[in-house]
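Here's the structure we're looking at; comments come further down.
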Amino acid sequence: MSLPWRSSSLARPRTLSVLEGGIPFMRLAGFNLTPAKILRVQYKPTSVRMHWIDRAAKALLKRGKKHVIASGISVSGHIHIGHCNDVFIADGVRRALKELGGEGQAFWYADDFDPMRRIPWPLNEGELAERYKRYLGMPYINIPSPDSKYENFVDYFARPFIESLDDFGIEVKIYSGAKIYQSGKMAELTKTALKHANKIRAILNRYRSKPLPEGWLPYDALCERCGRLATTRSLSWHDNYVSYRCEGSDYVAGCGHEGEADFTKGQGKLTWRVEWPARWKLLGVTCEPFGKDHAVVGGSYDTGKLIAKQVFKCNAPYPVPYEWVSLKGRRMSSSEGVVFTLPQWLETAEPELLRYFIFRSKPMKAKEFDPGLALLDLYDEYDLVEQVHFGMVEASARRKKQFKRIYQLSQLRETPRRPVQRVPFRFATVLTQVMRDEKHAISVLISRGMLTDPSESDIKLAFRRLSCARNWVSKHAPERLRFKVAETLLTEAVQRLTKKQKQGLTQLAADLSSRDFTPIELHNHIYELAQRVGLKAPELFKAIYLALLGRESGPRAGNFISVLDKGFVISRFKEVAP
RNA sequence: GGGCCCGUAGCGCAGUCUGGCUAGCGCACCGGCCUUUUAAGCCGGGUGUCGAGGGUUCGAAUCCCUCCGGGCCCGCCA
């Protein structure tokens, strides 16, 4: 059927049924619609449901072609997957910009010159806590590492994160706040801020219940005597110097020292609310994701926007606020040790899954992560999205479009062209506990139809998943999903078997040696056998598990036995009733 | 005091920006199947006042207003 208004590819009617069924219905219902009105309904284009990453990229392109996307975190402890929103989103926008014909560069900025307000986990436990107390109020970069393998506190917490970024397909330039201050690059902007201290104070006071005092300066000097940053109050400034007194703060005492800090040499820093817009100016930031704490009215983004405009004469970046991630229902917190880090993620889940986790829902939607059983669902969901992407699973056009984009954003780099062969993670958790070696695992996977004529990369993916499954079983799985084939027959297990159960096992051993079974055949055979020897099926199952595992339940039996070495199973069953 | 998010099936959620096809997905559940299923079974089934009320509209889960419930953030400091 050809419809005249379909000439424009965009102006497709939403659906035909609306047109065909809708109008008569409306007439029947007594509505007197003018043709124009009907046409407007008909011409309604298919709604273009864009992923929020693309929406951000599109908005940026309206402003210009080249963009700098910022992300950054205060290195106040372990950097966890909640923090990843920042850098993952920044990188996602960069990628989307590129796809839309723009240019983007993303960076990650370590706020490593901020003072330590609280001793983070795990340094807040035992004797370490005592040792680290003295560093309260000092910049992170000047605090030693608890582990000699790392240069300092910042290296200790940030390096595992930074080094993992590549594994997640993140391409960002790394900056260090401390280094930037020490290099003198912030000197000019610091001077500008000091010159406009009154203006800045007025901006900040708009949102403060307790106004900043007269003579307040937006600068935190580093005390040359005690090395603290949080304790000083800036009194005045001249040339390149800010004079200060080390008075103390609410969480740590000052040393009383009075001195001068050279702001061209990194002897102090701008206070956060001013530092942020100064950084936008310095690095030409045009887009930045940030946590909802900054996004609140009167928060640092609001004041930063005004300071940027009025003091630094630049525009605030396009904001992408995001919600936080909780871990098993608790708010992730590096200081309290409620963390799940990137290296931890890689142990138990594929990197694509974390990207998927972040990009699947809107940024301001709170996310909940649970590495336990819920991770299985995440795997299944990811696999499903992948299958929809490759057209192996049917989905509505709208859903398909949405899934495809999320799938693309979840890829580390290029989106695979051909369908990927996946081992279902749930099966991987069983296989990894019984497989003898890689060759064996492959043959099992092939015999199950989970791998068909696998390529090298299919095999690689399968082993990556098996390795994740192994780690997951040992670290996050509930006890009932863990099992270990008993090295020798446990006498305790034998004692728990009835005479009939023993007979059943002996017979099963005989049957196994007389012919081959597929897993399903074997499973069915167990039922038949139970009946033959006068047992209820569950009793025979229990016997099998007791003999093999030393406990009463285990993975699906036919499956399980056929993965084990046949000779071993036969002799184990025979052993039960010598 | 201000702001944000959430409220849709038993549970977890998508859909809301940009109103429109029969409100969808996963898990759970229910029924059936191979005489029999413990952990890759297979097939079938939606079990729903879209938090409440009002408004706009030919049409509202979707837009507007009010309210209720839950969570979080800011108002010190990132």
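Here the structure is a predicted model, which is why all the values come from computation and not from measurement. As a basis for the values below, the full set of heavy atoms in this structure was taken, side chains included, without hydrogen atoms, waters or symmetry mates. Convention: sequence-line order gives letters A, B, ...; per-chain numbering from 1.
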Legend entry - Any donor-acceptor N or O pair under 3.5 Å, side chains A:Tyr322, A:Asp86: yes

Inset, instruction - May I have the distance from A:Asp293 (atom CG) to B:G71 (atom P), rounded to whole angstrom? - result: 20 Å

Legend entry - Atom P, compared across B:C30 and B:G69: separation rounded to whole Å: 36 Å

Inset, instruction - Without swapping roles, check the side chain of A:Ser234 against the backbone of A:Tyr219 for a donor-acceptor pair under 3.5 Å. - result: yes

Inset, instruction - Round to a whole Å and report the spacing from OH of A:Tyr407 to P of B:C25. - result: 22 Å

Inset, instruction - Report the distance from atom CZ of A:Arg208 to atom P of B:A78, rounded to the nearest whole Å. - result: 10 Å

Legend entry - Sugar-phosphate, base or nothing in reach of A:Pro115, heavy atoms under 4.0 Å: nothing

Legend entry - B:G41 to B:C58 separation - C1' atoms, rounded to the nearest Å: 50 Å

Legend entry - Between A:His294 and A:Trp272, ring centroids under 6.0 Å: yes

Inset, instruction - Answer yes or no: is there a donor N or O on one side and an acceptor on the other, between the side chain of A:Lys404 and the main chain of A:His389, under 3.5 Å? - result: yes

Inset, instruction - Write down the distance separating the C1' atoms in B:C68 and B:G51, rounded off to the nearest Å. - result: 7 Å

Legend entry - Quiz item: A:Arg331 side-chain donor-acceptor pair to B:C72 base, under 3.5 Å: no

Legend entry - Interatomic distance at C1', B:U62 relative to B:U16, whole Å: 4 Å

Inset, instruction - Measure the distance from CD on A:Glu528 to P on B:U35 and round it to the nearest whole Å. - result: 8 Å

Legend entry - B:G32 and B:G70, which share atom name P, separated by this distance in whole Å: 43 Å

